[in-house]
Engineer: 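A single structure is presented below for examination.
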There are 4 protein chains.
Amino acid sequence: MSQEKMEQLLEHATRLFQERGFRATSLEEIAEAIGIQKPSLYHYIASKEELLFLVMSRTIADYNAKLRAIVESDRSPVAKLEQAVRQHITLQLEQPGTVTLFRDTPYLTGDRKEAIRRDLKVYRDLLQTILREGVEAGELDVPDPAVTTLFILGALNFVHRWYRRDGRKTIPEIAGYYADLVRRALVRR
Amino acid sequence: MSQEKMEQLLEHATRLFQERGFRATSLEEIAEAIGIQKPSLYHYIASKEELLFLVMSRTIADYNAKLRAIVESDRSPVAKLEQAVRQHITLQLEQPGTVTLFRDTPYLTGDRKEAIRRDLKVYRDLLQTILREGVEAGELDVPDPAVTTLFILGALNFVHRWYRRDGRKTIPEIAGYYADLVRRALVRR
Amino acid sequence: MSQEKMEQLLEHATRLFQERGFRATSLEEIAEAIGIQKPSLYHYIASKEELLFLVMSRTIADYNAKLRAIVESDRSPVAKLEQAVRQHITLQLEQPGTVTLFRDTPYLTGDRKEAIRRDLKVYRDLLQTILREGVEAGELDVPDPAVTTLFILGALNFVHRWYRRDGRKTIPEIAGYYADLVRRALVRR
Amino acid sequence: MSQEKMEQLLEHATRLFQERGFRATSLEEIAEAIGIQKPSLYHYIASKEELLFLVMSRTIADYNAKLRAIVESDRSPVAKLEQAVRQHITLQLEQPGTVTLFRDTPYLTGDRKEAIRRDLKVYRDLLQTILREGVEAGELDVPDPAVTTLFILGALNFVHRWYRRDGRKTIPEIAGYYADLVRRALVRR
DNA sequence: AATGAATGAGCCTTCATTCAT
DNA sequence: AATGAATGAAGGCTCATTCAT
């Protein structure tokens, strides 16, 4: 199996799932995008669902690695939190595949669903770790870190729904504004 | 057209669209849920898209009416904000339909799409009004009310994705916790 | 059964069958045209096919009566022929229902099909009678009256397919031109 | 795409559209006729309408090519006219497809409708050319070539409706008889 | 590695017709 | 005489998947 074609396949599938959603994207379209016939896809993937899984896997792995880097850095908890928020929004708005993550998870089944759920939990746990560190360091006031994490992620993940490239604020501005809101909601006073 | 059957139809459609999404719900399933044959649905609706529109219309109308009541009450802006957050979460977790509202809008076309978009904008504007009042009253510090509104709605609309009836927190507890986070993020210090 | 409603029904059905064809006209549309609900039609007719039959019956009966009047008049055969041609074209272009006759006959079945076929044969026979009289009178040269009749009817029945109300020729002009062509093709020299 | 199956498909579609009309022929029947399942048809065609278009296109192209050959031959106008009439009738009775051509055009839309209309106009124009040449050569007396062309085509296209293989006249006999009628209607005296 | 051909399952929709009221 | 409600049958079309080549 050509490594290069597989790469292409994942890139185009990511983009198409992102743009139209999993159900509304047909294998026909994906095949056409990479210049092969529909049945040839089955040399690279076992099923459409597996393709979704692969796309999600890659995307979340990237998110996790990048968040882990922040967590393991030696900044202060508040700085890490700000960094995490900025990065999440930037990834979401600049990199395709993220939306698929939030929206099409229900189309996975069985082990694959579990695997992605585990990966998503890892991300939540990393974020939560920052919150706990902040509390321990006396910088943050977070009575329920788990729920607070979900609060933050909800706010962050919605950004792609209203962001317009030609809008009033740039991506860094949005990222900064959100980081500020999160900080204010959490810092000890 | 039997009012009662229509009511049933809308309720079941709301629930199914909520649970599985518009595309993944077949008219067959909806028909079965209310105990009629698939073609009989066309006595009540003109198309599947119209059904989605009706479901969305009703839900958003309810949300708008209830938020308007808060806006027009004579509480302080901060009290209104807290009330609005609590109510939004309660509606979302106690009655189905909310998700459909925010996820399946792309499946509407033409005038129907516009109508729902307008209705959704009304809700955002109502919430934004509270923020502006808060700023004017010197209670809140909100540099960008529009983006802040979207921040809040993102956080709120995500709740249904992780809420479990048998979870650690009750609905009022979640609502209270969220109201607190929002308040802290926005109040002037 | 109200005689008046039945009349309305036939008129609207005639017009709609004419305009869109039998298959492309739904009972829904017919019912709407006369201001009743679809199932109410069944108080007036036994089936859609019967409705087609009634429409055709009326139309062909009218054609037959009018052609018979010409045949039984005491003009010369050539004059009758010219009259017949003019009248056929005029009826076709001015009166709805005629097209249905030529186009939708295949949708009839059983006895009704036979009945209409018989009526259409009567028309052909009447026209053929004129030809035979012309031959006997030494005015026309028609080796095969049956086939010649079909030649003429083919030419005549096609007129509705290309006639445009705002076209270059008026109905009487077309009728006159056609009568001329037929006369020239048949008269003994 | 197997050339052979495509050929079969077009042949059976032509025959069925001819026998029952476009609307009354289902893709199911066509698929069955060539021994495949209904959805498999979509390997060969994009829609039912496209199939109608292909059938019509082929047929009219054949008619046009053959009439053009006559027009461009170096016979006398009267001889060309006779040849054209004979050929039209022969094509019509020996190979299916002609009716579809003239009856089901309304079911085409957009560009396809225009294309077929243009092709049909080409045929009429070719026939008209013969008439004009005849007038210029002083052989024919045709005051209005356009309407006369439609007169002739009407007569000719009706033949398939009454022709029976076991009838009184053979195809060449009918063709000859029709050619005679047309000639007599048009020649200068 | 690739694909032409085919398909089973399913989808939304149309419509003539029935029937209890 | 009228109709609200319902439906069986059918239709065109989509699509993930299989398989022989």
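In the text below, chain A, chain B and the rest are named by the order of the sequence lines, each starting its count at 1.
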Engineer: Could you check which residues of residues 104-112 of chain A get a heavy atom under 4.0 Å from DNA chain E? Sort them by number, please.
Structural biologist: none
Engineer: Examine distances only and state if a side-chain atom of C:T25 and a backbone atom of C:G21 form a donor-acceptor pair shorter than 3.5 Å.
Structural biologist: yes
Engineer: Identify all stems in which DNA chain E takes part, counting only runs of at least 3 consecutive pairs (Watson-Crick or G-U wobble, each distance under 3.5 Å), and give each as one range with another, ordered by first number.
Structural biologist: E:2-21 with F:2-21
Engineer: Counting only side-chain heavy atoms from C-beta out, which of F:dT17, F:dG12, E:dT7 sits nearest to A:S47?
Structural biologist: F:dT17
Engineer: I'd like to check C:N157 versus C:L101 (side-chain heavy atoms, cut-off strictly below 4.5 Å). Are they in contact?
Structural biologist: no
Engineer: To the nearest Å, give me how far apart CG (A:L41) and P (E:dT3) are.
Structural biologist: 10 Å
Engineer: Less than 4.0 angstrom from a charged side-chain N to a carboxylate O is my criterion; do B:R58 and B:E7 meet it?
Structural biologist: yes
Engineer: What's touching nucleotides 18-21 of chain F from the protein side, N or O pairs under 3.5 Å?
Structural biologist:
none

Engineer: In whole Å, I'd like the distance from the OH atom of D:Y44 to the P atom of F:dG12.
Structural biologist: 19 Å
Engineer: Side chain to side chain donor-acceptor pair (under 3.5 Å) with B:Q95: which of B:D62, B:T59, B:T14?
Structural biologist: B:D62
Engineer: Go nucleotide by nucleotide along DNA chain E from the 5' end; which of C:K48 and A:Q37 gets its closest nucleotide reached first?
Structural biologist: A:Q37
Engineer: For the side chain of D:Q18 and the backbone of D:G97, is there at least one donor-acceptor N/O pair under 3.5 Å apart?
Structural biologist: yes
Engineer: Could you note down all residue pairs passing salt bridge (Lys or Arg N to Asp or Glu O under 4.0 Å) where residues 42-57 of chain D supplies at least one of them, sequence neighbours left out?
Structural biologist: D:E49-D:R112
Engineer: Between D:E29 and D:R20, is there a side-chain N and carboxylate O pair less than 4.0 Å apart?
Structural biologist: yes
Engineer: Are the side chains of D:R103 and D:V99 in contact, using a 4.5 Å heavy-atom criterion?
Structural biologist: yes
Engineer: Atom CD of A:E49 to atom P of F:dC15: distance rounded to whole Å?
Structural biologist: 18 Å
Engineer: So, for D:T100 and D:L52, which heavy atoms are closest and what is the spacing to 0.1 Å?
Structural biologist: CG2-CD1, 3.5 Å
Engineer: Write down the distance between CG (C:L52) and P (E:dT17), rounded to a whole number of angstrom.
Structural biologist: 12 Å
Engineer: Rounded to the nearest angstrom, tell me the gap between atom CD in D:E32 and atom C1' in E:dT7.
Structural biologist: 16 Å
Engineer: What's the CD1-P distance between B:I45 and F:dA6, to the nearest Å?
Structural biologist: 13 Å
Engineer: Closest heavy-atom contact between B:I116 and B:S57?
Structural biologist: CD1-N, 3.7 Å
Engineer: Is the shortest heavy-atom distance from the side chain of B:L51 to the side chain of B:Y44 under 4.5 Å?
Structural biologist: no
Engineer: Please work out which residues in residues 7-14 of chain C have a non-hydrogen atom less than 4.0 Å from an atom of DNA chain F and list them by number.
Structural biologist: none
Engineer: What is the separation between atom CE on B:M6 and atom P on F:dG4, rounded to the nearest whole Å?
Structural biologist: 16 Å
Engineer: Taking the basic N atoms (NZ, or NE/NH1/NH2) and the acidic carboxylate oxygens, is any pair closer than 4.0 Å for A:E19 and A:R15?
Structural biologist: yes
Engineer: Quick check on contacts: within residues 21-28 of chain B, what sits under 4.0 Å from DNA chain E by heavy-atom distance?
Structural biologist: B:T25, B:S26, B:L27
Engineer: Looking only at non-hydrogen atoms, find the nearest pair between B:F158 and B:W162 and report the distance.
Structural biologist: O-CD1, 3.4 Å
Engineer: Looking only at heavy atoms, which two atoms of B:V55 and B:A13 are closest? And how far apart?
Structural biologist: CG2-CB, 4.0 Å
Engineer: Is A:E114 salt-bridged to A:K121, going by a charged N under 4.0 Å from an acidic O?
Structural biologist: no
Engineer: Under 3.5 Å, is there a donor-acceptor pair between the side chain of A:Y63 and the main chain of A:Q92?
Structural biologist: yes
Engineer: Is any side-chain N or O of B:S40 closer than 4.0 Å to OP1 or OP2 of F:dT7?
Structural biologist: yes
